[in-house]
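Input: a single structure, listed below in structure tokens.
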Number of protein chains: 2
Amino acid sequence: MLENKRKLILDGAASAFSMYGFKGTTMDKVAALAGVGKGTIYTTFKNKEDLFDAVLQQIISEMENIFFNCIVPEQSVSENLHSALYELLEFRKDHQVMMKLTNEVRMFGTDHSKRAMDKVEDAIIGCLEKQLIAALEQDKIYTSNPRIAAFLLYKQYMALVFDYEEKYGPLGKKAIAHLLDQHFMYALVHNKEM
Amino acid sequence: MLENKRKLILDGAASAFSMYGFKGTTMDKVAALAGVGKGTIYTTFKNKEDLFDAVLQQIISEMENIFFNCIVPEQSVSENLHSALYELLEFRKDHQVMMKLTNEVRMFGTDHSKRAMDKVEDAIIGCLEKQLIAALEQDKIYTSNPRIAAFLLYKQYMALVFDYEEKYGPLGKKAIAHLLDQHFMYALVHNKEM
DNA sequence: AAAATGACCAAAATGCTCATTTGGTCATTT
DNA sequence: AAATGACCAAATGAGCATTTTGGTCATTTT
């Protein structure tokens, strides 16, 4: 019944971290939410941070699946990238709790949990990079360094979704996609000098 | 002698805020560094935050001057934007203390001093926007919204200078300029559909 | 026997008190 | 009239008592 418990605990922990953040989540709460004894958690996970890592890893996997599923060879690069970004938007909406966590962890978290959150960022950038590389191999885009391009794409996306909203008010999904298309994708698709 | 004192105080305060940050700076230290009595500060500035504002405003003015001076009509838009970004890089180097302040204020500062730091950001974006508008009027670039373009340019620049360094190591000035040129400017200069 | 559990403990977090520091004032000095 | 620093109320932080919490392990359950 160990594997069954693992899922229970992981789900309880995900709820707890979502509701209370990292610091606000106690192992007692996780145990209660998961409906298991506190000691049981420690038969599967080394400690709180390990549990946190596992929850994030689960989110990362979900996300990578979603990303993977929107690469459609028949689609144009631009369309694929659009799909990917829409998925990123949807993902953010579903897991907007995770974004709160990002903030909290950066402010109060330990070094370890900071690194854990960075892994999420790296995973997203990695997904984007993968798509860019695929496009690159088909000569659909030009870039000397798909990793940097993915990094910039991600940062620009985050700036539009979060920073812009803070300063000038929220932007619709449509507007964000359009802005990225005009200001970032265009160069990728047309600039042969990269 | 009031105007003379004002400069003394402003310089002392600039040093103090640079050395100790906002919280770490006491009015006694400012008075000592400026070589004036503490009470004197309050004949010119309403309070600590007002003084902080004044110091930032001075930095903003310096920065705007530098920016203004690198708009050369004979130069191409791309060159002008390059100059502006190089100046921004130089500016950051000289006032890198200010960047520390940004962090500190965001973490521990009052709402007021946060807004004060935002003004610096807005000033930089404003400078970029001004240059973009000038270029737009000469039909040298295309963009439906120079404010957003300036915002994105700034964010991308900051991401390259700070976030990228944190993740993958520092980028040289040359590399940063090149990346911005390839990934951002290109669309501005070529994408007539904006 | 193997898995699950919750009472238990050391350590960390929190609340609280009180001495010190600090932003700001104002009577005095220059 | 301008400048000043002793002075004050409020904010801060060190130090301590109390509570909470991550993690363990002897006991119970299956």
Side-chain angles (χ1 to χ4, degrees), chain A residues 1-56 101 104-117, chain B residues 1-56 101 104-105 107-116:
Chain A
M1 199 152 289
L2 195 136
E3 268 313 304
N4 207 344
K5 294 274 173 193
R6 183 187 160 88
K7 173 127 182 55
L8 277 179
I9 294 166
L10 223 43
D11 288 349
S15 301
F17 285 128
S18 293
M19 284 191 285
Y20 310 113
F22 181 77
K23 270 196 69 175
T25 293
T26 67
M27 297 305 263
D28 282 319
K29 276 180 192 163
V30 173
L33 275 168
V36 301
K38 187 165 67 161
T40 311
I41 299 173
Y42 289 89
T43 62
T44 312
F45 300 98
K46 213 174 90 231
N47 52 35
K48 190 180 177 182
E49 291 195 335
D50 189 38
L51 179 59
F52 186 59
D53 277 2
V55 169
L56 288 186
L101 271 182
E104 185 216 324
V105 168
R106 283 205 187 289
M107 299 283 265
F108 312 109
T110 63
D111 286 344
H112 184 270
S113 47
K114 276 181 203 169
R115 256 173 281 139
M117 293 302 298
Chain B
M1 201 153 288
L2 195 135
E3 268 312 304
N4 206 344
K5 295 275 174 192
R6 183 187 161 88
K7 174 125 181 54
L8 277 178
I9 295 166
L10 224 43
D11 288 348
S15 301
F17 285 128
S18 293
M19 284 192 283
Y20 310 113
F22 181 76
K23 270 196 72 176
T25 294
T26 68
M27 296 306 262
D28 281 320
K29 277 181 191 162
V30 173
L33 275 168
V36 300
K38 187 165 68 163
T40 311
I41 299 173
Y42 290 89
T43 62
T44 312
F45 301 97
K46 213 175 90 228
N47 52 35
K48 189 180 178 181
E49 290 196 334
D50 189 38
L51 179 60
F52 186 61
D53 277 1
V55 169
L56 288 186
L101 271 181
E104 186 215 325
V105 166
M107 300 283 265
F108 311 110
T110 63
D111 286 344
H112 184 271
S113 46
K114 276 182 201 166
R115 257 173 280 139

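Small disclaimer: the values here were computed from a predicted structure and weren't measured. Side-chain atoms are counted along with the backbone in the values below, which use heavy atoms only and exclude waters and symmetry mates. Convention: sequence-line order gives letters A, B, ...; per-chain numbering from 1.
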With A/Asp11, which residues qualify under side-chain hydrogen bond (donor to acceptor under 3.5 Å, both in side chains), at least two apart?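 By the side-chain hydrogen bond (donor to acceptor under 3.5 Å, both in side chains) rule, A/Asp11 matches A/Lys7.
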
Return each pair, listed once, that meets salt bridge (Lys or Arg N to Asp or Glu O under 4.0 Å) where at least one residue sits in residues 15-25 of chain A; pairs must be two or more places apart or across chains.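 Of all non-adjacent pairs touching residues 15-25 of chain A, none passes salt bridge (Lys or Arg N to Asp or Glu O under 4.0 Å).
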
Output the rounded distance in Å from [atom1] ([X]) to [atom2] ([N]).
{"X": "B/Ile41", "N": "D/dT4", "atom1": "CD1", "atom2": "C1'", "answer": "11 Å"}
{"X": "A/Lys5", "N": "D/dT30", "atom1": "NZ", "atom2": "P", "answer": "11 Å"}
{"X": "B/Ile9", "N": "D/dA3", "atom1": "CD1", "atom2": "C1'", "answer": "10 Å"}

Looking at A/Arg6, is its backbone amide N or carbonyl O close enough to the side chain of A/Thr44 to form a donor-acceptor pair, meaning the two atoms are under 3.5 Å apart?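 No; judged by distance alone, with no hydrogens or angles, the pair does not exist.
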
Report the residues that fulfil ring-ring contact (aromatic ring centres under 6.0 Å, His included) with A/Phe22, sequence neighbours left out, ordered by chain and then residue number.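 Testing A/Phe22 for ring-ring contact (aromatic ring centres under 6.0 Å, His included), a comparison that skips the adjacent residues, returns A/Phe17, A/Phe52.
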
To check you understand the geometry: which heavy-atom pair defines the closest contact between A/Phe45 and A/Asp50, and what is its length?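 Minimum heavy-atom contact is CA-OD2, 3.6 Å.
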
Tell me the closest heavy-atom pair linking A/Ala14 and A/Ser18, and the distance in Å.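 Nearest pair, atom of A/Ala14 first, then A/Ser18: O-OG, 2.8 Å.
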
Toss me the dot-bracket line for DNA chain C: Watson-Crick and G-U wobble, both under 3.5 Å, 5' to 3', using | for pairs to another strand and [ ] for crossers. ||||||||||||||||||||||||||||||

Using a cut-off of under 3.5 Å, enumerate the N/O to N/O pairs linking the protein to nucleotides 19-27 of chain C.
unit_1	atom_1	unit_2	atom_2	d
C/dG23	OP1	B/Thr25	O	3.2
C/dG23	OP1	B/Lys48	NZ	3.1
C/dG23	OP2	B/Met27	N	2.7
C/dG23	N7	B/Lys38	NZ	3.3
C/dG24	OP2	B/Tyr42	OH	3.3
C/dG24	OP2	B/Lys48	N	2.7
C/dG24	N7	B/Lys38	NZ	3.3
C/dG24	O6	B/Lys38	NZ	2.4

Pairs under 3.5 angstrom only: tabulate donor-acceptor contacts from the side chains of residues 28-41 of chain A to other protein residues two or more places apart or in another chain.
unit_1	atom_1	unit_2	atom_2	d
A/Lys29	NZ	A/Gly24	O	3.2
A/Thr40	OG1	A/Gly37	O	3.3

Sequence neighbours left out, what passes side chain to side chain contact (heavy atoms under 4.5 Å, CB included) with A/Lys114? Give chain and number order.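 Once residues adjacent in sequence are excluded, the partners of A/Lys114 under the side chain to side chain contact (heavy atoms under 4.5 Å, CB included) criterion are A/Val105, A/Asp111.
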
